[in-house]
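First comes the structure, then the notes that go with it.
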Amino acid sequence: MKFVATAVSGAFVVEVDARSDERGLFARTFDARSFADRGLAPVYPQCNISQNHKRGTLRGMHYQADPRPEIKLVRATRGRVFDVALDLRRDSPTYLQWASVELDAIRHNAFYIPAGCAHGFLTLEDDCELFYQMSEVYVPELARGVRWDDAAFSIAWPFTPSVISERDAALESYGQEKAF
């Protein structure tokens, strides 16, 4: 595995070293020791999937607040998505900056998103599925979000979403009090 730093402090694209032959492909997608050696979360007590039927579906920007902020390791298991990490950590050198990666089921890459960052994605084709490894269990009363199109962040989405939930569409603009 290769860990590639992004524009957000502590966020990494995780690339696999795939081996192919006449049988197909084999690749290690996670190794706790490799993550721990880099100071990254080696344990994920909860896993989730997100299925998305239509190109242009947007989910985000979501995070879980203190005292149980979550680290996410996100991978596309079907399709391609434009995946974003947004730094909401006041003490971070990349506070209010964002990083993106195209997650692609064919490349088997993943995005490691540190605690204190909001996460969202936009599907680039029909029939996408994402697999999330979470460092914390979901606590509904700590679930938070900020607007995907907030001018405070100026995220350069590849195109305007065509499918967005009522909840995500109603998220408020960012306020400094929301920062970690």
Side-chain angles (χ1 to χ4, degrees), residues 1-8 10-21 23-32 34-35 38 40-64 69-87 97-138 143 145-146 148-149 153 155-165 167-169 171:
M1 287 181 296
K2 181 178 175 185
F3 295 80
V4 181
T6 69
V8 168
F12 295 90
V13 176
V14 182
E15 298 176 349
V16 300
D17 183 19
R19 308 276 189 221
S20 296
D21 62 22
R23 300 168 294 173
L25 175 137
F26 180 86
R28 179 175 296 133
T29 62
F30 179 78
D31 176 65
S34 294
F35 275 69
R38 289 167 177 77
L40 307 179
V43 177
Y44 297 90
Q46 181 175 307
C47 295
N48 306 315
I49 60 169
S50 172
Q51 292 184 333
N52 305 276
H53 302 297
K54 300 289 183 186
R55 177 185 186 274
T57 298
L58 182 126
R59 293 186 189 243
M61 300 292 297
H62 306 142
Y63 63 97
Q64 187 161 289
E70 56 197 8
I71 295 165
K72 297 177 181 178
L73 182 60
V74 184
R75 174 182 318 280
T77 53
R78 188 171 53 243
R80 295 179 308 116
V81 302
F82 180 83
D83 206 74
V84 176
L86 170 63
D87 195 344
Q97 294 180 37
W98 59 274
S100 67
V101 61
E102 183 179 303
L103 296 178
D104 184 338
I106 293 171
R107 287 198 316 250
H108 309 284
N109 58 340
F111 201 8
Y112 180 91
I113 301 165
C117 291
H119 170 253
F121 65 86
L122 179 67
T123 58
L124 299 175
E125 55 190 54
D126 289 345
D127 196 25
C128 291
E129 180 180 88
L130 275 70
F131 178 74
Y132 290 64
Q133 291 172 257
M134 312 293 286
S135 69
E136 289 285 341
V137 297
Y138 177 64
V146 294
W148 65 275
D149 60 351
F153 316 126
I155 297 170
W157 298 97
F159 53 87
T160 302
S162 55
V163 180
I164 186 168
S165 72
R167 174 184 172 248
D168 287 351
L171 287 171

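- One side chain, His62 or Arg167, offers a donor N or O that lies under 3.5 Å from an acceptor on the other.
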Validation: residues 157-164 side-chain donor-acceptor distances under 3.5 Å, sequence neighbours left out:
unit_1 : atom_1 : unit_2 : atom_2 : d
Trp157 : NE1    : Trp148 : O      : 2.9
Ser162 : OG     : Arg55  : O      : 3.4

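- Ser50 and Asn52 form a side-chain donor-acceptor contact under 3.5 Å, judged by distance and modelled atom types alone.
- Cys117 and Ile113 make their closest contact through CB-CG2, 3.7 Å (heavy atoms, listed as atom of the first residue, atom of the second, distance).
- A donor and an acceptor atom, one from each side chain of Glu70 and Ser135, are nowhere located under 3.5 Å apart.
- The backbone N or O of Leu103 sits nowhere less than 3.5 Å from a side-chain atom of Arg107 that would complete a donor-acceptor pair.
- One distance of note links CG of Leu25 with NE2 of His108; it measures 4.5 Å at 0.5 Å rounding.
- Nearest heavy atom pair, residue Gly79 against residue Cys128, reads CA-SG, 3.9 Å.
- With hydrogens and angles disregarded, a donor-acceptor distance shorter than 3.5 Å links the side chain of Thr123 to the backbone of Thr57.
- Distance check: Ile71 CD1 to Leu40 CG gives 8.0 Å after rounding to the nearest 0.5 Å.
- For the pair Arg19 and Asp17, the salt-bridge criterion is met [side-chain N within less than 4.0 Å of a carboxylate O].
- In terms of modelled atom types and a separation under 3.5 Å, the side chain of Asn109 and the main chain of Glu102 share a donor-acceptor contact.
- Of the residues listed (Trp98, Tyr132, Tyr63), the one engaging His119 in a ring pair (Phe, Tyr, Trp, His ring centres under 6.0 Å) is Tyr132, and it is the only one.
- Note: Tyr112 and Phe35 have tilted aromatic rings, judged against thresholds of 30 and 60 degrees for the angle between ring planes.
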